[in-house]
Structure formats: C-alpha cells, structure tokens
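Below is one structure, written out as structure tokens; comments come after it.
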Amino acid sequence: MQNYKIKITFPSGKTIEAATGSTPADFINEFDEKPEKIFAVRVNNELCSLNRGLFVDCSLEPVLMSSKDGSQVYRRTLCFILAAAAHELQPDNNVIIENSFGYAYYYSFQDGSEVPEKFVSDLKDKMDSIIKKNVPIETHMISYEQAVQTFEKLGLLETRKQLNYVCPPRVQMNTIGEYTDLYYGPMLISTGTLGAFKLQKYKNGFLILFPSSSKPTEIQEFKEYPVLFDTYARGKKWGKQIGVTSVASLNELVSRREADEFINISEVFQEKCISDIASQIHNRNSCRLVLIAGPSSSGKTTSAKKLAMELQAIGYKPKVISLDDYYVGRDRTPKDENGNYDYECLEALDIELINQNLLDLFAGKKVELPSYNFVTGSREYKGKTLQLAANDILIMEGIHGLNDRLTPLVKSDLKFKLYLSALTQLNINEHNRISTSDNRLIRRIVRDNNFRGKSAAATIAMWDSVRRGERLHIFPFQNNADAILNTALDYELSVLKVYAEPLLRCIHPGQKEYSEACRLLRFLNAFPPIPATAVPDRSIIREFIGGSAFKY
C-alpha cells in the first residue's frame, strides 16, 4: 500500500510533511509554546485532543491552559479522573454531577444518600494518586453492543438508556486505567498535567473546585450562593418527582408521544414559580420597585411581562421603566479597552437622574421620563409622563438591577431584586451536565438569526465579549437577589435544536467559530426534535423562536 503523506502547517508558518495517522502529540515541540502548556489543538479550526489521528492536510493551532477551550479540557479531564477514582472507591453507588457554582461543580451520590466527609477525603487522595502516576488517557471506539454492556456494568443507567434513542454503530469512549466512560469533548492525553483542584464537603454532596482560565494555577475560595442553590434544588426535586432528570428521559417521553403533556407541565411549573415570586413581592408591603437582572438570553423581557400579569392578578398596577432610556449620552459614555463605547458599564447610565426620578415617583409627583435616541446618541424628552397611584408598582429591567450602586438613594425596603437565569435541572447523563451558558448561547443564536439577521458564526464570535460583561456586571451581584427565577424549560433545547442545527452547519472549517459549532452540534445530537407548534404562545421560548402572544 502506498504510504501517503499529509502537509501540516503551524502558526509560525512552518510546514512539514508527515505520515497519515500521525498525532499532534508527535509534533508538540514544533509549536512556539512550551509543551506542558498545550492542552489540546485546533485541527483546521476543530478542537481535538493531542492524540487525535491526522489524515488530511491541516493547520494546527495550540490550545493553551490559559484559554477558555483549554480550561474546558482541564475541567473535563478533572471530572473524568473524579469519576474513575469514585468508582474505584465505591463501585456500587456512582457520583452524579449536578450543577455549577462559579468555578465549582456540585456532585451527589446516585442513590441520594449523603456523601460522608471521609469519602471526600479518600476521593481527593485517590485523585492525587492518579495524577501523580501520570496515567495515559486513551480515546477509542467500541461497538454499540460493547457500549451497552459497559454502561450496564458501571451502573450508568441514564447513559445506557440514551443508547435506546441515539444508536450509533460505534461509540467513542475514554479510558483511564481500568475505567471507561463517555465524555463529550477532548481531554488531556495523560493525568500528570493536572494540578490545581480542591474537593470539599457541601450540603448533602461535595464540590470540586477548579481554576479559572485567567489564573490557571489558583483555586479561589468557594463563595456560597444560598438562593441559587435552593433554586437548583427546587428544580432537581421537581425533575425527580415527574421522572425526567436526563436527556434520555426526555427522549423516552418523545418516543411515547407524551411530549405535549410534559411541555404543559413544564410551563405550569414555571408559572407557579413566577406566581410565588409575585407573592413574595406582595408580602413585602413596602415594595414599590422590582429590579430584574439576568445574563444574555435569560428571558428577561418575557419574564418581566409574566411577572407583571401575576402582580396584576393580586391587585397591583405594574408600570415599566426602561433603563435604556437613561444612558448619559454618547459624549459622556465611557469606552472599553478597544476604544468602543461601553454601554454595559454602570457609568453609561445617568445614576443621578434615575434616583431623582424614582424618589419623585415614590413621593407621588408626576415625572417626565426621558428616552434615548440611539441614532444621535443623545437624550430626548417626548412628553411621556408617569405618576404612581397607591397600588402602582414599578418594574425596571437591566443588567445592573442587582447592583446597589444603581439605586443608592432608594431605601432597601422599597426594592425587590429578582435574578433570572436558565438553570436547567436536566443532565445529559450521570457525568455530563448541560451548561447554562450553552443553553443561553443556543437561545441567542436562534433569536439573533430570527430577529436580527445574524449568522450563527456572528453570534458565536461575540459571545466571549458578552460573557465578559456578565462576569463583570451581573454574576458578582447574584447574592443580592431576593429571589431567583429559573427561566429554563426542560424541553426547550429539543425545540431550539430544529432552528439551531441548520445555522450551525453553515459554519465551515475555514472559520474560527467552526470548533464551537462542532461542539454545539455534538451536544444537540443528544436531544430529540420537538416541533415549535407544541410551544404555547406565552412561553419564554417564543421570545427566541417567534410567535409570542406578547408584544416586544
């Protein structure tokens, strides 16, 4: 057989010839970066592990430990080692990944029993031992039948059940020592590169803490988010009660033609949560202002409208003030490090005018409200006035709503702060979670294409910038919230999939966004499609796919 050669190009412009089947690890010293800092590579813009075989001409780009993709590879590998170590310690009761809290994941036992402190200590020792031995991590294919047997033997029942609905002839597996499992993405090729992590007992389970991409060798102290934890716990409890805790369970519902009933139950549960928040506001007799904040595509607009309806149902007359109308004007708007106007920073808003208007309204005065002209970059007054009656309540939605610096002159007992986030309680399976950020990104890809004419590549390209703004202006203030509304609907990714997949497939290997598109397509492949006709017209999902009964 002829020995084919492929051409490999490095970021420096250097090109070499290599045998087909060579791996990036074979050429690790050809990169300018130190080998120990390279966690993975992009092969023609596709994120791959260092032991991935190369079979066509390609460009290689190193993925460093300090990058977003590099940190994801680090966390995924760390979770794999955790699962392997836990299975060795207690093979009859798997640990299950639950949800994230900042730079930490929360785990519990599969049977719901409390995780002992000693187990956490022993788990840390076992993980340290695996890392110190620098055990190779292998990626290989097994048959469908072998995969079924493997997951049944490991007691990974949800992973096994998913194979009833996603039936590939071959399944890509990861192996470390005697332990084999399935993860959706590349890993490190051995355990020795891992360093910083921490385990600690928490609530009924435990946390694994990992470093951020900006400080890859440091572990931050865990910051508690009690309201966030309780919101997650309520969703998890509800999912267990109705028997839908994984994507496999969702596939099972769709296959039994019970999706419509599940959609209705999901919508009613979310409306009950909104109703409960309205009751909290009512029980705070002095409340005159509801401040709503949440990250991009968390469903703020629809949630504000639904909350207003619930408040009306108990006797209030909600009035809405838009923070967008209080921009200071382009001549006074700060600029970011790239010289662009930074409309996301607090200083872009006229804090003095906001507070003066609020105090006047609460005093019963009539106020002329401003509007902001985004074309001219200036404030205008068009005769719009507002005066509050005794049973009127203000709703103000914006990214700074939880920041006390937005309304420093308004007494705390007059304010109710509501944080929104798409905190799905579903997991893909026992060891693969659904990221809140991924949920929101897919929402935004669909919405941007439907209503703003943006391609999926354009939305992905600006997502890191959006996330930076969230980390600066929203996430640090989560604990200021009086309540958290989970805006995720457990069926929504099956609906969004129908819209998102064709858009993601339009991203080609020559684009930087191709790697993220491939990852999201692999993720969405696990979900069964649900047609949009099944979505109620007042659902939050209508904010992204269209056809809402609300006016936006």
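Residue Tyr106 is tested with Phe229, Phe222, Phe206 for a ring-ring contact (aromatic ring centres under 6.0 Å, His included); the sole match is Phe229. Of the candidates Ile393, Ile395, Asp482, Phe416 forms a side-chain contact (heavy atoms from CB on, under 4.5 Å) with just one, namely Asp482. Residue Val367 forms a side-chain contact (heavy atoms from CB on, under 4.5 Å) with just one option from Asn357, Leu358, Leu388, and that option is Asn357.
Between the side chains of Asp181 and His431, a donor-acceptor pair is found at a separation under 3.5 Å. Under the 3.5 Å distance criterion, with hydrogens and angles disregarded, no donor-acceptor pair is assigned to the side chains of Ser371 and Arg379. Side-chain atoms of Gln425 and Asp490 include a donor-acceptor pair closer than 3.5 Å. Under 3.5 Å, the side chains of Asn429 and Glu158 contain no donor-acceptor pair of N or O atoms. Under the 3.5 Å distance criterion, with hydrogens and angles disregarded, a donor-acceptor pair is assigned to the side chains of Tyr491 and Glu267. One side chain, Thr407 or Lys415, offers a donor N or O that lies under 3.5 Å from an acceptor on the other. For the 3.5 Å distance criterion, the side chains of Ser435 and Ser437 fail to qualify, holding no donor opposite an acceptor. Side-chain contact annotation: Ser298 with Arg440, donor-acceptor N/O pair under 3.5 Å absent.
The heavy-atom pair separating Gly339 from Lys335 by the smallest distance is O-CD, 3.4 Å. Minimum heavy-atom separation, Asp325 to Pro370: CB-O, 3.3 Å. Considering every non-hydrogen atom in both Ala278 and Ile314, the closest pair reads O-CD1, 3.7 Å. Closest approach of Leu524 and Ala500 over heavy atoms only: CD1-CB, 4.1 Å. Considering all non-hydrogen atoms of both residues, Leu250 and Ser494 come closest at CD2-OG, 3.5 Å. Taking all atoms of both residues into account, the shortest heavy-atom contact from Ser539 to Thr302 is O-CG2, 4.3 Å.
Put simply, the side chain of His282 never gets that close to the backbone of Ile277: no donor and acceptor are under 3.5 Å apart. Under the 3.5 Å distance criterion, the side-chain polar atoms of Ser71 are matched with a main-chain donor or acceptor of Lys68. Arg42 contributes no side-chain N or O that, together with a main-chain N or O of Glu46, makes up a donor-acceptor pair within less than 3.5 Å. Not one N or O on the side chain of Ser121 forms a donor-acceptor pair closer than 3.5 Å with the backbone of Glu117. With hydrogens and angles disregarded, a donor-acceptor distance shorter than 3.5 Å links the side chain of Ser515 to the backbone of Leu47. Side-chain atoms of Ser421 never come within 3.5 Å of backbone atoms of Leu423 as a donor-acceptor pair (strictly under, hydrogens ignored). Put simply, the side chain of Asp350 gets close to the backbone of Leu353: a donor and an acceptor are under 3.5 Å apart. Asn355 contributes a side-chain N or O that, together with a main-chain N or O of Leu406, makes up a donor-acceptor pair within less than 3.5 Å. Distance alone, capped at 3.5 Å, is enough to place a donor-acceptor pair between the Asn450 side chain and the Phe544 backbone. Not a single donor-acceptor pair under 3.5 Å links the side chain of Asp448 to the backbone N or O of Thr459.
Taking the six-membered ring for Trp, Phe374 and Tyr372 have ring centres closer than 6.0 Å.
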Evaluate side chain to side chain donor-acceptor pair (under 3.5 Å) for Glu380 paired with Asn373, printing each intermediate quantity in order.
CA-CA 7 Å; Glu380 298 174 348; Asn373 188 321; 2.8 Å; yes
Leu199/Phe197 under side-chain contact (heavy atoms from CB on, under 4.5 Å): CA gap, chis, key distance, verdict:
CA-CA 7 Å; Leu199 298 183; Phe197 78 96; 4.2 Å; yes
Apply side-chain contact (heavy atoms from CB on, under 4.5 Å) to Met127 and Ile208, showing your working.
CA-CA 11 Å; Met127 291 178 68; Ile208 181 166; 4.0 Å; yes
Trace of the side-chain contact (heavy atoms from CB on, under 4.5 Å) decision for Leu493 with Phe523
CA-CA 10 Å; Leu493 285 166; Phe523 168 62; 3.8 Å; yes
Salt bridge (charged side-chain N to carboxylate O under 4.0 Å, His left out) for Glu61 and Lys512? Distances and angles first, verdict last.
CA-CA 11 Å; Glu61 180 185 349; Lys512 285 289 185 184; 2.8 Å; yes
Taking it one step at a time, do Arg452 and Arg444 satisfy side-chain contact (heavy atoms from CB on, under 4.5 Å)?
CA-CA 10 Å; Arg452 301 178 184 180; Arg444 182 144 182 175; 3.9 Å; yes
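The closest side-chain heavy-atom distance from Val290 to Lys417 is not below 4.5 Å. Residues Tyr105 and Arg75 have side chains in contact (heavy-atom distance under 4.5 Å, counting atoms from C-beta outward). Here the side chains of Phe451 and Tyr552 are not in contact, with every heavy-atom distance at 4.5 Å or above. Counting heavy atoms from C-beta on, the side chains of Leu441 and Val466 never come closer than 4.5 Å. Within the 4.5 Å cutoff, the side chain of Tyr514 has no heavy atoms near those of the Leu504 side chain. In this structure, Phe362 and Leu289 have side chains that are in contact, with non-hydrogen atoms separated by less than 4.5 Å. For the pair Ile445 and Tyr499, the minimum side-chain heavy-atom distance is 4.5 Å or more. When side chains are defined from C-beta on, Asn480 does not count as touching Tyr419, because their heavy atoms never get closer than 4.5 Å.
The aromatic rings of Trp238 and Phe269 lie parallel to each other, with less than 30° between the two planes, well short of the 60° mark. Classification of the Tyr343-Tyr341 ring pair by plane angle, with boundaries at 30° and 60°, yields tilted.
Summarising the local packing, CZ of Arg288 is surrounded by more than 12 heavy atoms from other residues, nucleotides or ligands at distances under 6.0 Å.
How far CD of Gln220 is from CZ of Phe210: 10.5 Å, rounded to the nearest 0.5 Å. Separating the NZ atom in Lys300 from the CD1 atom in Ile540 is a distance of 11.0 Å, to the nearest 0.5 Å. Here OG1 of Thr231 is found 8.5 Å from CG of Leu485. Values are rounded to the nearest 0.5 Å. Taken to the nearest 0.5 Å, the CZ atom of Phe39 stands 9.0 Å off from the OG atom of Ser67. Rounded to the nearest 0.5 Å, atoms OH (Tyr202) and CG (Leu207) are 7.0 Å apart.
Ion pair Asp276/Arg234 flagged as a salt bridge, since at least one NZ, NE, NH1 or NH2 atom sits closer than 4.0 Å to an Asp/Glu carboxylate oxygen. For the pair Glu344 and Arg468, the salt-bridge criterion is not met [side-chain N within less than 4.0 Å of a carboxylate O]. Of the charged side-chain nitrogens involved, none lies within less than 4.0 Å of a carboxylate oxygen, so that Glu98 and Lys203 do not count as a salt-bridged pair. By the 4.0 Å N-to-carboxylate-O rule, Glu368 lies too far from Lys384 to be salt-bridged with it.
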